[in-house]
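Note that the numbering runs from 1 along the sequence shown for the chain. First listed ligand is number 1; within each ligand, the first listed atom is number 1. Bear in mind the structure is a predicted one, so any value in this text is a computation, not a measurement. Side-chain atoms are counted along with the backbone in the values below, which use heavy atoms only and exclude waters and symmetry mates.
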Amino acid sequence: MVQIRKRFLALAAVTGMLMASSLFAADSNLPNLGSTTGGYSAQNALKRDAVCTRCHDESETAPVLTIYQTKHGVRGDSRTPTCQSCHGESEAHLKGNTSGKGRPAPDHVFKKGVYAASDDKDRAGQCMNCHKGTARANWDGGAHQNNQVACNDCHKVHAPADNVLAKKTQTQVCFTCHKEQRADSRKVSTHPIDAGKVVCSDCHNPHGSVGPNLLKKNTINETCFTCHADKRGPFLWEHQPVVDSCVNCHVPHGSNIAPLMKTRTPFLCQSCHDGSHASGTAAGRSVGGNQAGLIALPSANVVGRGCNNCHSQIHGSNSPNGGYFQR
Ligand code: HEC
Ligand code: HEC
Ligand code: HEC
Ligand code: HEC
Ligand code: HEC
Ligand code: HEC
Ligand code: HEC
Ligand code: HEC
Ligand code: HEC
Ligand code: HEC
């Protein structure tokens, strides 16, 4: 064990120096433990961990020392937590079985239900002591915080690889709770989520946001425009529902109607356009008279054709010929 620790120490000193300079700005509120304890050194940090690691050496079922392989184990970095920055001083736990009731738990064990529901904040609170940076500015009141989902429901801090941080594995973590989105991701038309090219956190900030549905941007459209900039315009002829919200016609997570459509055309269009040309009921070529409805054939426009065969510039157009979204 000692050997392993030395190895991480050397590695850590190097990455630590790199991190301290380049990544410090990422979470500007990260406290510098060195400044509060005086005389920070990597050795001191490990010594402080030894309070715990003298017993928690290695366990096959729940290895804890793998934390030295993560950014929380970078001993050369004075912002790095010790065991006690997360688990608390835990005096009673350290004293051991003094009451005859077994060893009391440490101050913070991050288990749901161990604390009263109102204390679920506490599970995140330990982490927020260091991580209330910009990305988590809206944590309080967000859908996850509100529903007692805590940091470690997504993040595995002792594991060498935190699945939720890697694009390839992130969705697995989300899908453990969000079954509906998992089902959507297997439909005919989807964002390339399975391929790991688009992930949940491209559109959502799971830590909280000012936008609806934990979206990263303030509106749905702004979120879509981060990748589909061509749909932003400006267009000479705007289509009002597009300006209003992309989800008037699309669904984000998956649909059996390509491309990510809410409903099929012409029904989709007809849910808003019930004009004679669009409805196809009695507006076709009139035979034997020109009063609509007398003797009418179904409009050629709707028989076997999608509306967007002709109205192909459905997101908006710059055509000089008028606002019918054809060219
Ligand atoms: C004297 C040995 C000893 C020391 C020192 C010690 N622990 Fe423990 N710890 C144990 C034992 C034994 C258990 C298992 C208790 C049980 O299962 O009832 C345990 C359990 C735990 C658990 C799991 C609790 C749970 O409810 O699942 C955590 C977390 C923990 N210790 C953290 C720490 C931290 C942090 C420190 C340092 C502040 C520390 N321990 C110091 C012996 C120790
Ligand atoms: C960054 C915060 C953090 C630090 C630092 C940290 N832990 Fe933990 N620890 C946790 C969380 C969160 C859990 C709950 C398990 C989970 O969800 O990953 C946990 C779980 C544990 C457990 C219980 C394991 C189990 O699954 O039963 C033990 C024991 C433990 N930690 C000991 C330690 C020791 C010893 C250290 C110092 C080497 C330490 N922890 C450092 C956050 C931390
Ligand atoms: C004492 C301060 C401190 C505490 C407490 C703390 N962290 Fe950290 N955390 C850090 C530092 C320092 C980093 C490295 C930041 C960097 O690289 O800029 C970090 C990085 C992270 C990262 C990014 C890891 C990566 O690989 O990019 C995650 C995720 C994280 N912490 C989650 C947590 C969670 C969850 C908790 C509570 C269980 C917690 N932290 C508690 C200081 C802390
Ligand atoms: C619902 C799942 C989820 C919860 C809950 C969650 N996170 Fe995260 N976290 C993620 C995902 C996904 C990423 C990577 C995507 C990104 O960078 O936005 C991430 C990235 C991070 C990072 C590294 C990037 C950054 O923003 O600095 C830190 C640090 C972090 N989380 C800390 C926390 C803390 C602290 C909590 C609890 C207050 C928490 N997370 C709760 C999913 C979650
Ligand atoms: C392309 C952007 C995008 C991606 C990727 C994405 N979402 Fe969404 N998500 C949205 C939008 C937009 C809404 C709001 C939908 C609405 O208002 O109809 C939403 C809504 C939600 C909701 C609220 C319930 C609902 O369906 O309206 C949940 C939960 C959710 N997303 C989870 C996820 C998960 C989990 C993932 C990863 C598998 C994910 N999202 C990936 C854009 C996205
Ligand atoms: C431990 C379970 C759990 C995990 C893991 C989890 N969530 Fe959630 N999530 C919830 C709960 C509970 C809610 C609130 C109830 C709801 O809206 O479904 C929620 C709400 C949401 C919402 C907002 C829904 C709305 O209506 O506003 C989004 C978006 C979301 N989660 C995305 C994610 C993403 C992305 C991930 C993975 C990075 C993730 N969740 C991981 C449990 C979880
Ligand atoms: C992170 C980037 C990203 C964001 C944000 C994003 N998309 Fe996409 N979108 C993609 C990629 C990548 C594709 C696949 C393109 C391809 O296969 O050529 C795609 C494809 C699509 C398609 C066509 C699907 C198909 O079957 O051909 C639609 C429709 C779509 N996105 C709508 C949206 C909507 C609506 C939003 C906002 C809720 C959104 N996108 C947000 C990246 C993104
Ligand atoms: C009025 C309904 C409607 C609205 C609103 C709408 N779309 Fe579409 N979208 C369509 C239709 C219909 C198609 C299929 C076009 C085709 O197959 O020729 C489509 C296709 C797409 C495609 C794939 C083909 C392409 O043109 O790249 C993307 C990406 C897309 N839409 C993004 C968006 C975004 C982003 C928004 C919001 C700014 C949005 N859409 C709003 C109806 C709509
Ligand atoms: C959510 C409602 C909605 C949906 C769905 C919708 N539209 Fe529209 N559309 C509108 C509104 C509102 C206008 C603006 C009407 C106006 O200015 O009189 C408009 C305008 C138009 C115009 C220009 C009409 C004119 O007089 O300038 C055309 C063409 C059009 N839509 C075709 C379509 C097609 C094709 C579809 C299906 C792919 C569709 N729309 C889906 C609401 C919708
Ligand atoms: C064969 C090509 C074609 C098809 C298919 C077509 N349209 Fe049109 N549409 C046009 C043309 C051309 C115009 C321009 C006005 C005109 O000449 O009547 C137009 C005009 C419109 C207008 C504005 C004027 C009005 O009559 O309200 C709307 C709305 C519209 N179309 C909706 C639809 C919808 C919805 C569908 C599918 C049910 C559809 N169109 C199918 C060619 C087509």
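Taking backbone and side chain together, Cys130 holds no N, O or S atom under 2.8 Å from atom 8 (Fe) of ligand 3. Not a single N/O/S atom of Cys83, whether from backbone or side chain, sits less than 2.8 Å from atom 8 (Fe) of ligand 2. At least one N, O or S atom of His131, from either the backbone or the side chain, sits less than 2.8 Å from atom 8 (Fe) of ligand 3.
Residue-to-ligand polar distances place His72 within reach of ligand 3: an N/O pair is separated by less than 3.5 Å. Ligand 5 has no N or O atom lying under 3.5 Å from any N or O atom of Thr171, backbone or side chain. For the pair Glu180 and ligand 5, the shortest N or O to N or O distance does not fall below 3.5 Å.
Under 4.0 angstrom from ligand 5, the non-hydrogen atoms of Cys200 come from both its backbone and its side chain. Only the side chain of Leu165 comes within 4.0 Å of ligand 3, counting heavy atoms alone; its backbone N, CA, C and O stay farther away. Counting heavy atoms closer than 4.0 Å to ligand 2, residue Gln126 contributes nothing at all. Within the 4.0 Å heavy-atom criterion, neither part of Lys111 lies near ligand 2.
Close approach of ligand 2 to His56 (heavy-atom distance below 4.0 Å) involves ligand atoms 29 (C), 35 (C).
Ring orientation note: the planes of His250 and His315 are close to parallel, at an angle under 30° on the 30°/60° scale.
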